[in-house]
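Excluded from the calculations below are hydrogen atoms, water molecules and symmetry mates; all remaining heavy atoms, backbone and side chain alike, are included. Just so we're on the same page: letters track the sequence lines, and every chain starts at 1. These numbers come from a predicted model, not from an experiment.
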Amino acid sequence: MSDKPVVTRFAPSPTGTLHIGGARTALFNWLFARGRGGKFLLRIEDTDRARSTPEATAAIYAGLKWLGLDWDGDATSQFEGAARHAAVAHEMLARGHAYKCFATQDEIQAFRDAARGEGRSTLYQSPWRDVAPADHPDAPYVIRVKAPKSGETVIMDQVQGRVVWKNDQLDDMICLRSDGTPTYMLAVVVDDHDMGVTHVIRGDDHLANAARQTLVYNAMGWDVPVWAHIPLIHGPDGKKMSKRHGATGVEEYQALGYPAAGMRNYLTRLGWSHGDDEFFSDEQARDWFNLGSIGKSPSRFDTKKLENICGQHMAVADDAALVAEITTFLAATGREKLSDDQNAGLTRAMYCLKERSKTLPQLIDKAYFILTDRPIEPDEKSARSLETVSRGMLKELTPHLQTVSWGRDTLETVVAEFALAHDTKLGKIAQPLRAALAGRTVSPSVFDMMLVLGRDETLARLGDVQG
RNA sequence: GGCCCGUUCGUCUAUCGGUUAGGACAUCUGGUUUUCAACCAGGAAAGAGGGGUUCAACUCCCCUACGGGCUACCA
């Protein structure tokens, strides 16, 4: 069983956007499969017709695509397998591992109320469990599994270890509803089995379900998959991540401009470790990822660390890839796309932009000088460094720039000597230069801007502010 | 209520019976600097509490506290 090719799956229910916790679950499944030459499948758990929406399904696809988590084959719909699920329920019935229960929901509710009132277990004990078919009424029924009354059910979990339940704690859960539709508990097992899933990696809110689902595997005589129940991601206050904490959906992080590579790295490291390694490539993540190094306790989401990791990824990213990522970012956030000239400029400037930004918006902000055309309209802050004295200095500096050879070293030398000759600090001349070139107080180095802009454009911008 | 899971610096984590309990982010102090980012040097910062087991426990066992999950004809 361990030498079978790995098959993992991500099985979200389409009732909202792709939650950050779901994204990490998907990521772990993807990493595990991709690192072992296995398959990563996507199944949409849409059996709850009332809550499932096509928009949510689209959001899940979009979120996974943004994160770069590609799945094998087409995504499947759980709902479409309803007939197959029902057939399995009836097969369990035929095998004597399930039974028809004619209890009404009112009867069950009354049982639970009474049980709770008396402090007994609220697990429903159906009176129909051992009733012969000949004595069945002609009435609506559900199909329940026959949970063993004694002994125990053991889950060997790659993250949680060995977890044991006394069988009398397991209820005869419903597999087929009275309207003939399958419940989630049945459908997951059938689908995972039919899809050949070898490793079920999911949130630990499903840990207890694993025991109940084992009943179905056993009833059908199917191999139980390898389990790995991973702890949930919490907000900064340790509570389950929710809207109160700010962004919860991956599309929000995309809109905030976190690069996907940084997001993957951060999410991978959240709850999983490989010694002291914090910053790594996708390739390393795939090679290193394993189930045994997943932590057992929930981890808190830390935006500061996310930013730090993202900054490191941007700094080493390929220039063209970053330009492409910015293009999709602008499109995804409904902003105007860049012109060919702007794209070319951005590409030329990328070397000095990427190492000073942690998010895409920060990078775009610093790229202002290359994305804007003359005449530059200085913002309020930068305008302050363009008073009379500064303008005079720029005017004096200009001739020097007309003749110098246009290279980083020579430019630095010229400006430094100019500052020295005027008995002033480099900063005193750099700020007005920055204001003239970028119209902002924050930008790349003035020398980098001059190089990227070129001599003509630089001189033109300097001329613009000299009045 | 019942069952199950968890608990190392503020945060993410390393450690898998013997360490001055390590790293990273954040934070603080210096330095560098042309703004931002970065960089260099240094500081502060942790084993929830209580019992065991052991020559030795963060590490194994038990109890308590706290946090979380499940307990649906939801997924």
Side-chain angles (χ1 to χ4, degrees), chain A residues 11-15 45-48 50-52 78 101 103-105 108-109 112 115-116 119-124 140 142-144 155 157 159-161 163-166 168-171 173-179 181 183-185 187-188 203-209 211-212 229 231-232 234 236 238-240 266 269-279 293 295-309 311 315 352-358 362 365-366 381-382 385 412 415 419 425-431 433-435 438 440-447:
Chain A
S13 48
T15 55
E45 309 231 310
D46 51 359
T47 54
D48 185 338
R51 292 199 299 152
S52 299
Q78 185 160 67
C101 172
T104 66
Q105 296 193 48
I108 296 171
Q109 192 52 50
R112 291 213 173 96
R116 172 148 293 199
R120 287 185 288 112
S121 164
T122 56
L123 288 185
Y124 182 61
V142 299
I143 294 181
R144 315 184 86 112
I155 296 299
D157 193 281
V159 176
Q160 309 290 338
V163 186
V164 183
W165 280 266
K166 294 264 192 299
D168 57 17
Q169 294 298 327
L170 269 22
D171 66 338
M173 65 181 181
I174 294 173
C175 291
L176 206 66
R177 300 187 187 101
S178 53
D179 65 358
T181 60
T183 60
Y184 160 79
M185 221 55 90
V188 243
D204 69 3
D205 47 337
H206 285 290
L207 182 58
N209 290 337
R212 311 171 75 199
H229 288 91
L232 270 22
H234 285 178
K239 302 288 184 194
K240 200 169 168 180
Y266 175 72
R269 189 59 173 67
L270 193 63
W272 172 83
S273 61
H274 183 264
D276 284 336
D277 296 307
E278 303 266 6
F279 172 66
S293 298
K296 292 183 180 61
S297 53
S299 34
R300 305 182 189 199
F301 198 87
D302 181 4
T303 310
K304 282 287 190 355
K305 190 139 189 175
L306 202 215
E307 280 191 5
N308 178 278
I309 294 289
C352 65
L353 295 169
K354 63 182 183 182
E355 59 187 21
R356 14 175 44 98
S357 314
K358 295 175 174 177
Q362 282 176 18
D365 199 46
K366 292 202 163 89
K381 272 194 192 165
S382 70
S385 54
E412 271 194 62
V415 177
K425 286 189 166 181
L426 183 56
K428 274 288 182 197
I429 187 71
Q431 271 318 319
L433 253 178
R434 187 184 317 285
R440 301 287 180 90
T441 51
V442 173
S443 80
S445 147
V446 292
F447 304 112

query: Would you say B:rA14 has OP1 or OP2 under 4.0 Å from some side-chain N or O of A:S273?
result: yes
- prompt: Looking across every strand, which nucleic acid part, if any, lies under 4.0 Å from A:L270 by heavy atom: base, sugar-phosphate, or nothing?
  reply: sugar-phosphate
- prompt: Does the pair A:R212/A:D171 count as a salt bridge with the N-to-O cut at 4.0 Å?
  reply: yes
- prompt: How is A:V164 classified with respect to the nucleic acid when contacts are heavy atoms under 4.0 Å: base, sugar-phosphate, or nothing?
  reply: sugar-phosphate
- prompt: Between B:rA45 and B:rU11, how far is it from one C1' atom to the other, in whole Å?
  reply: 12 Å
task: Quickly work out the A:L353 CG to B:rU35 C1' distance and round it to whole Å.
output: 14 Å
- request: Figure out the CD/P separation between A:Q431 and B:rU35, and round it to whole Å.
  value: 7 Å
message: Suppose you measure atom C1' in B:rU8 against the same atom in B:rG47; what distance do you get, rounded to whole Å?
response: 4 Å
- prompt: Expressed as a whole number of Å, how far does the P atom of B:rC9 sit from that of B:rG23?
  reply: 16 Å
field: C1' gap between B:rU29 and B:rU20, integer Å
entry: 23 Å
field: Sugar-phosphate, base or nothing in reach of A:E278, heavy atoms under 4.0 Å
entry: base
- request: Assign A:H229 to base, sugar-phosphate, or nothing according to its heavy-atom contacts below 4.0 angstrom with the strands shown.
  value: nothing
- prompt: Going from CH2 on A:W165 to CD1 on A:I155, what distance comes out if it is rounded to the nearest 0.5 angstrom?
  reply: 5.5 Å
Collect all protein-nucleotide pairs involving nucleotides 7-11 of chain B in which both atoms are nitrogen or oxygen and the distance is under 3.5 Å.
none

Using the 3.5 Å cut-off, write out each protein N or O paired with an N or O of nucleotides 38-40 of chain B and the distance between them.
unit_1	atom_1	unit_2	atom_2	d
B:rA38	OP1	A:K358	NZ	3.3

statement: Between A:L176 and A:I174, the two heavy atoms sitting closest are O-CG2, 3.5 Å
task: Taking atom P in both B:rA72 and B:rG17, compute the distance separating them and give it to the nearest angstrom.
output: 41 Å
field: Flag for A:R112-A:T122: side-chain donor and acceptor within less than 3.5 Å
entry: no
message: With a 3.5 Å limit on both atom pairs, tell me what B:rA72 is paired to, counting Watson-Crick and G-U wobble, or say none.
response: none
message: Reading RNA chain B from 5' onward, which residue's closest nucleotide shows up sooner: A:Q105 or A:G427?
response: A:G427
- request: Describe the nucleic acid contact of A:R440 in one word from base, sugar-phosphate, nothing, applying a heavy-atom distance below 4.0 Å.
  value: nothing
message: Considering every strand and a 4.0 Å limit on heavy-atom distances, what is the contact class for A:G271: base, sugar-phosphate, or nothing?
response: sugar-phosphate
query: With a non-hydrogen cut-off below 4.0 angstrom, is A:D277 in contact with a base, only sugar-phosphate, or nothing?
result: nothing
Side chain of A:K304 - closest among B:rG23, B:rC25, B:rC36: B:rC25
- request: Check whether any side-chain N or O of A:R112 sits under 4.0 Å from OP1 or OP2 of B:rA72, and answer yes or no.
  value: yes
message: Please report the distance, rounded to the nearest Å, between OH in A:Y124 and C1' in B:rU71.
response: 16 Å
- request: Starting at atom CD of A:Q169, determine the distance to atom P of B:rG2, rounded to an integer number of angstrom.
  value: 10 Å
query: So what's B:rA48 paired with, Watson-Crick or G-U wobble, going by both distances under 3.5 Å?
result: B:rU64
- request: Identify whether any heavy atom of A:M185 sits under 4.0 Å from a base atom; if not, whether one sits that close to sugar-phosphate; answer base, sugar-phosphate or nothing.
  value: base
- prompt: How many angstroms lie between CD1 in A:I143 and SG in A:C175, if you round to the nearest 0.5 Å?
  reply: 8.0 Å
message: Salt bridge or not between A:R440 and A:D365? Use side-chain N to carboxylate O under 4.0 Å.
response: yes
query: In whole Å, what is the span from the CZ atom of A:R212 to the P atom of B:rU71?
result: 6 Å
- request: Indicate, with a heavy-atom threshold strictly under 4.0 Å, whether A:V446 touches base, sugar-phosphate, or nothing.
  value: base
query: Can A:S443 and A:R434 be said to form a side-chain hydrogen bond (donor to acceptor under 3.5 Å, both in side chains), step by step?
result: CA-CA 7 Å; A:S443 80; A:R434 187 184 317 285; 2.9 Å; yes
task: State the CG-OG1 distance between A:N308 and A:T303, to the nearest 0.5 angstrom.
output: 12.5 Å
- prompt: Roughly how far, to the nearest 0.5 Å, is the NE2 atom of A:H229 from the NZ atom of A:K296?
  reply: 14.5 Å
Euclidean distance for P, B:rC66 against B:rG31 (whole angstrom): 49 Å
- prompt: Separation of A:I429 atom CD1 from B:rU33 atom P, in whole Å?
  reply: 18 Å
statement: Rounding to 0.5 Å, atoms CD (A:E355) and NZ (A:K366) come to a distance of 10.5 Å
message: Can a donor-acceptor pair be found, under 3.5 Å and without considering hydrogens, that links the side chain of A:Y266 to the backbone of A:D302?
response: yes
If you restrict it to nitrogen or oxygen atoms, what contacts under 3.5 Å exist between nucleotides 60-68 of chain B and the protein, and what is each distance?
unit_1	atom_1	unit_2	atom_2	d
B:rG68	OP1	A:K239	NZ	3.2

query: Sub-3.5 Å donor-acceptor pair from the side chain of A:Q109 to the main-chain atoms of A:Q105, do we have one?
result: no
field: Any A:T47 side-chain N or O less than 4.0 Å from OP1/OP2 of B:rA75
entry: yes
query: If we take the C1' atom in both B:rC36 and B:rG22, what is their distance in whole Å?
result: 33 Å
message: What is the separation between atom NE2 on A:H274 and atom P on B:rG23, rounded to the nearest whole Å?
response: 19 Å
task: Decide side-chain contact (heavy atoms from CB on, under 4.5 Å) for A:V188 and A:E45; before the verdict, give the C-alpha distance in whole Å, the side-chain angles of both, and the deciding distance to 0.1 Å.
output: CA-CA 8 Å; A:V188 243; A:E45 309 231 310; 3.7 Å; yes
task: Measure from the side-chain heavy atoms of A:L207 and tell me the nearest of B:rA37, B:rA75, B:rC5.
output: B:rC5
- prompt: If we call it a pair only when both distances are under 3.5 Å in a Watson-Crick or G-U wobble match, what pairs with B:rA21?
  reply: none
message: Regarding A:A103, tell me which of base, sugar-phosphate or nothing describes its non-hydrogen contacts under 4.0 Å with the strands shown.
response: base
- request: Sticking with atom P, work out how far B:rA26 lies from B:rU33, rounded to a whole angstrom.
  value: 23 Å
field: Length of the line joining A:W272:CH2 and B:rA14:C1', which is rounded to integer Å
entry: 13 Å
- request: Could you walk me through whether A:L306 and A:F301 pass the side-chain contact (heavy atoms from CB on, under 4.5 Å) test, one step at a time?
  value: CA-CA 8 Å; A:L306 202 215; A:F301 198 87; 4.2 Å; yes
Given B:rU35, B:rG22, B:rC3, the nucleotide with the shortest approach to the side chain of A:V442: B:rU35
- request: Determine yes or no for a side-chain-to-main-chain donor-acceptor pair under 3.5 angstrom, with A:S385 supplying the side chain and A:S382 the backbone.
  value: yes
query: In the structure shown, which nucleotide is the Watson-Crick or G-U wobble counterpart of B:rG42, with both distances under 3.5 Å?
result: B:rC28
